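Written below as structure tokens is the structure these notes are about.
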Amino acid sequence: NAGVTQTPKFQVLKTGQSMTLQCAQDMNHEYMSWYRQDPGMGLRLIHYSVGAGITDQGEVPNGYNVSRSTTEDFPLRLLSAAPSQTSVYFCASSYGGGAETQYFGPGTRLLVL
Amino acid sequence: AQKVTQAQTEISVVEKEDVTLDCVYETRDTTYYLFWYKQPPSGELVFLIRRNSFDEQNEISGRYSWNFQKSTSSFNFTITASQVVDSAVYFCALMQYNFNKFYFGSGTKLNVKP
């Protein structure tokens with residue numbers, strides 16, 4: 001199993017550009033989520049999904065869109081990038097919500113100029 | 001509201017010293033789960049332990065041990081005989097039962113010097 005994979009590893013955007021961060025898992029996990037990590041703030045939940053076709057907002061959803069058309073994939077879309085979205089983005093998955101341990105991808109480092 | 005506080009921003013120790021990383025949480029729920037994750041310099045997040053709110057037994061895994069005390073809402077992590085490879089950022093996290101949201105602390109950066 002490849003586990004949780006994320007692409008790209010690093011991306012530079014200009015303000016106003018849009019892009020999609022890709023996340024895929026091959027563990028047949030129902031639950032997937034996106035976090036951003038900023039210095040001194042730990043990880044904050046952006047959006048999550050409890051299964052294909054179901055998504056919900058986390059703590060900091062503004063400026064981001066998600067969809068879940070398959071169990072395996074959970075892309076994160078930045079609609080109009082802003083410098084405040086400069087961060088490291090982590091995707092995670094687990095068998096379910098509740099007490100299940102989340103497994104994290106390697107992260108995508110995003111710089112918005 | 002759920003909140004996790006890791007008051008120690010950064011700790012430096014010399015190899016072979018013991019070190020304790022503090023984690024204090026806030027929740028009104030009676031059922032919840034607590035986690036510790038390690039983030040080495042390479043950047044990935046590595047799961048270390050999960051604990052539910054009904055199990056206050058301390059846990060030991062090799063040089064790692066965890067002390068969960070509901071009375072003080074704390075879930076502290078001790079590394080015995082630290083090694084340079086333990087250098088990393090360590091995150092404590094809280095999850096509500098049957099909810100799908102993790103609440104992470106801000107992390108403690110541990111520097112272990114040879």
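What you see is a predicted model; the values in this text were computed from it and never measured. Here is the naming used below: chain letters follow the sequence lines, and residue numbers restart at 1 for every chain. The analysis underlying the following values was restricted to heavy atoms, covering all of them including side chains, and did not include hydrogens, waters or symmetry mates.
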Quiz prompt | Validation row: A:Q102, A:Y31 side chains within 4.5 angstrom (heavy atoms) | solution =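 Yes - at least one pair of side-chain heavy atoms lies under 4.5 Å apart.
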
Exercise. Select one option (side chain, backbone, both, neither) describing which atoms of B:Q6 are under 4.5 Å from chain A's heavy atoms.
Key: neither

Exercise. Can you tell which part of B:Y37 gets under 4.5 Å to a heavy atom of chain A, answering side chain, backbone, both or neither?
Key: side chain

Quiz item: Which residues in residues 75-84 of chain B have a heavy atom less than 4.5 Å from any heavy atom of chain A?
Solution: none

Quiz prompt | Note: B:E59-B:R51 ion pair, threshold 4.0 Å (strictly below) | solution =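 Result for this pair is yes, salt bridge flagged.
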
Exercise. Mark yes or no for whether A:Q57, through its side chain, and A:V60, through its backbone, hold a donor-acceptor pair below 3.5 Å.
Key: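 Not at all, since once roles are kept as given, no pair shorter than 3.5 Å links the two residues.
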
Quiz prompt | Polar contact flag, side-chain donor to acceptor under 3.5 angstrom, A:S67-A:S69 | solution = no

Anything under 3.5 Å between a donor and an acceptor, one on a side chain of residues 4-17 of chain A, the other on a protein residue two or more places apart or in another chain? List them.
residue, atom, partner, partner atom, Å
A:T5, OG1, A:A24, O, 3.4
A:Q6, OE1, A:C91, N, 3.0
A:Q6, OE1, A:G107, N, 3.0
A:Q6, NE2, A:Y89, O, 3.0
A:T15, OG1, A:L113, O, 2.6
A:Q17, OE1, A:K14, N, 2.7

Practice problem: Give me the ring orientation class for B:Y25 and B:F68: parallel if the planes are under 30° apart, tilted from 30 to 60°, perpendicular past 60°. | Solution: tilted

Quiz item: Is atom CZ of A:R109 surrounded by more than 12 heavy atoms (other residues, nucleotides or ligands) closer than 6.0 Å?
Solution: no

